[in-house]
Amino acid sequence: MYKMTLKYYFFLCSMILVQLLSCFTQITAASVPATIVFGDSSVDAGNNNQLSTIAKSNFKPYGRDFIGGNPTGRFSNGRLAIDFISEAFGLPPTVPAYLDPAFGIQNFSTGVCFASAASGYDNATADVLSVLPLWKQMEYFKEYQRRLKAFQGEKKAKETLNNALYIMSLGTNDFLENYYTMPGRSRQQTVYQYENFLTGIAERFIIQLHRLGAQKIDLTGLPPMGCLPLERATNLMYVSNCNENYNNVAKNFNSKLQHLVRKLNRQLPGLRLVYSDVYSVFADIVRDPMSFGFENADRGCCATGLFEMGYVCNRNPFTCDNANKYVFWDAFHPTEHTNSIIADYLMKTSLAAFL
Ligand SMILES: *[C@@H]1O[C@H](CO)[C@@H](O)[C@H](O)[C@H]1NC(C)=O
Ligand SMILES: *[C@@H]1O[C@H](CO)[C@@H](O)[C@H](O)[C@H]1NC(C)=O
């Protein structure tokens, strides 16, 4: 009898808790009024369309599964993880690119993307293909703040900027496009020194964002970059296997980012900086693609899937029919389906704190 009562009591309590929680999430549903994005092609919604660079994807078959079948400059067949994340916060289903003339400050008031494909933490990385370096993305953000204040008024704009979710997703190109490809950095620094150089830039960037009013910031870690189809295809040691050296660099760099997150949360008042672990979910997908509904994890859908990205994907007769069966869209970038799985995972882990 006593046991029954206790059980019933717990049952009641848990019901109340569930209701309180759902009530709480409803009240705070609008707690993130905008997503503000910095980074590389993992999150570029089309800024590179406006630059003279070859790092572009505003042509078919890119975007063939996007709303309206439009190639927007996203490096995928459809939406990016940031688009799914925006939607999950009750915001628009796509995050507009700041340089896209089709959008104005009204559109940017609920989300804006400053990211640029082929960019990185290091200025020298952005220089390789003449894209927006991180400092330039910051300059555009400052301009955006002025425009938002003119549009929403000082007080409302400040609220938006304080409560927005800031997403940073970059770093892969610093290693793959720059350090391991161009002669400069690898002559000056060991890869461990280079990692520290990059985390130093990340640190100064976050401090500056916080000074400009950001409180909720997501710092996204590197994926298992040695398993990108291009890195497998060019793996000289074990052709078609993941490049474990690159994966180890990614893991090591990620542990430094996590250390930075703990440190800055202690140092900066009001900061809620989270680390998003895309490495583990991505590694799970690549290790066991079938269990996520994929049939292929080692080649991209576009062309042969081994080397092609950007212009070489255009009008290629070998491109696959159903991108949903592929983890990768081109030799370097995930499909929309992979992006949605990653976004779901982040909403349940690091980003759950902001729901
Ligand atoms: C931008 O916002 C305006 C005003 O809400 C809207 O009419 C327009 O369709 C939006 N532009 C795009 C490209 O979504
Ligand atoms: C990158 O370039 C900007 C603009 O020239 C400069 O202010 C900044 O110090 C540079 N960053 C590094 C780490 O060299």
Side-chain angles (χ1 to χ4, degrees), residues 30 33-40 44-47 49-51 53 58 63 66-74 78-80 82-83 86-87 90-116 118-144 147-148 150-153 156-157 160 168 170-171 173-175 177-179 182 184-189 191-209 211-212 219 253 256-257 260:
T35 48
I36 297 175
V37 181
F38 302 93
D40 60 19
D44 182 355
N47 287 310
N49 302 353
Q50 309 303 323
L51 310 177
T53 172
N58 53 344
F66 194 79
I67 304 148
N70 282 327
T72 57
R74 285 169 174 79
R79 289 192 286 161
L80 304 174
I82 49 159
D83 299 315
S86 173
E87 191 173 34
L91 297 168
T94 57
V95 180
Y98 188 64
L99 299 185
D100 188 336
F103 299 102
I105 190 62
Q106 184 161 0
N107 313 96
F108 298 140
S109 64
T110 50
V112 59
C113 172
F114 301 102
S116 178
S119 192
Y121 288 105
D122 184 357
N123 286 338
T125 304
D127 288 347
V128 175
L129 294 176
S130 312
V131 298
L132 301 179
L134 196 53
W135 68 267
K136 186 69 188 171
Q137 297 183 28
M138 178 63 86
E139 289 302 305
Y140 280 127
F141 171 62
K142 290 181 191 160
E143 179 187 88
Y144 164 75
R147 290 174 67 189
L148 192 70
F151 176 66
Q152 290 188 326
K156 177 89 191 296
T160 305
M168 297 167 61
L170 65 167
N173 297 321
D174 292 308
F175 296 99
E177 177 193 335
N178 185 1
Y179 190 87
M182 307 304 287
R185 294 300 191 208
S186 52
R187 290 222 188 105
Q188 303 158 345
Q189 308 184 40
V191 73
Y192 299 108
Q193 289 168 332
Y194 190 58
E195 288 172 10
N196 296 341
F197 171 68
L198 300 181
T199 52
I201 295 167
E203 176 168 7
R204 289 191 292 280
F205 187 82
I206 293 165
I207 291 172
Q208 195 177 2
L209 265 189
R211 216 177 274 148
L212 291 168
L219 180 60
F253 184 65
K256 290 179 184 175
L257 292 181
L260 177 64

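Residue numbers count from 1 along this sequence. In each ligand, atom 1 is the first atom listed, and ligand 1 is the first ligand listed.
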Any Gly104 heavy atom less than 4.0 Å to ligand 1: no
Validation row, ring centre Phe205 to ring centre Phe38 under 6.0 Å: yes
Flag for Ser116-Asn47: side-chain donor and acceptor within less than 3.5 Å: no
Side-chain donor-acceptor pair present, Gln208, Arg211, cut-off under 3.5 Å: no
Separation of Leu132 CG from Met138 CE (nearest 0.5 Å): 13.5 Å
Heavy-atom protein contact below 4.0 Å for atom 9 (O) of ligand 1: no
Any protein heavy atom < 4.0 Å from atom 14 (O) of ligand 1: yes
Contacting atoms of ligand 1, where contact means under 4.0 angstrom from a heavy atom of Ala102: 13 (C)
Distance filter under 4.0 Å to Asn123 heavy atoms, resulting ligand 2 atoms: 1 (C), 2 (O), 3 (C), 8 (C), 10 (C), 11 (N), 12 (C), 14 (O)
Shortest protein contact, atom 5 (O) of ligand 1 (heavy atom only): Gln106 NE2, 3.3 Å
Identity and separation of the nearest protein heavy atom to atom 2 (O) of ligand 1: Asn107 ND2, 2.4 Å
Cationic N near anionic O, under 4.0 Å, Glu139 to Lys142: yes
Donor-acceptor under 3.5 Å (Asn70 side chain, Thr72 main chain): no
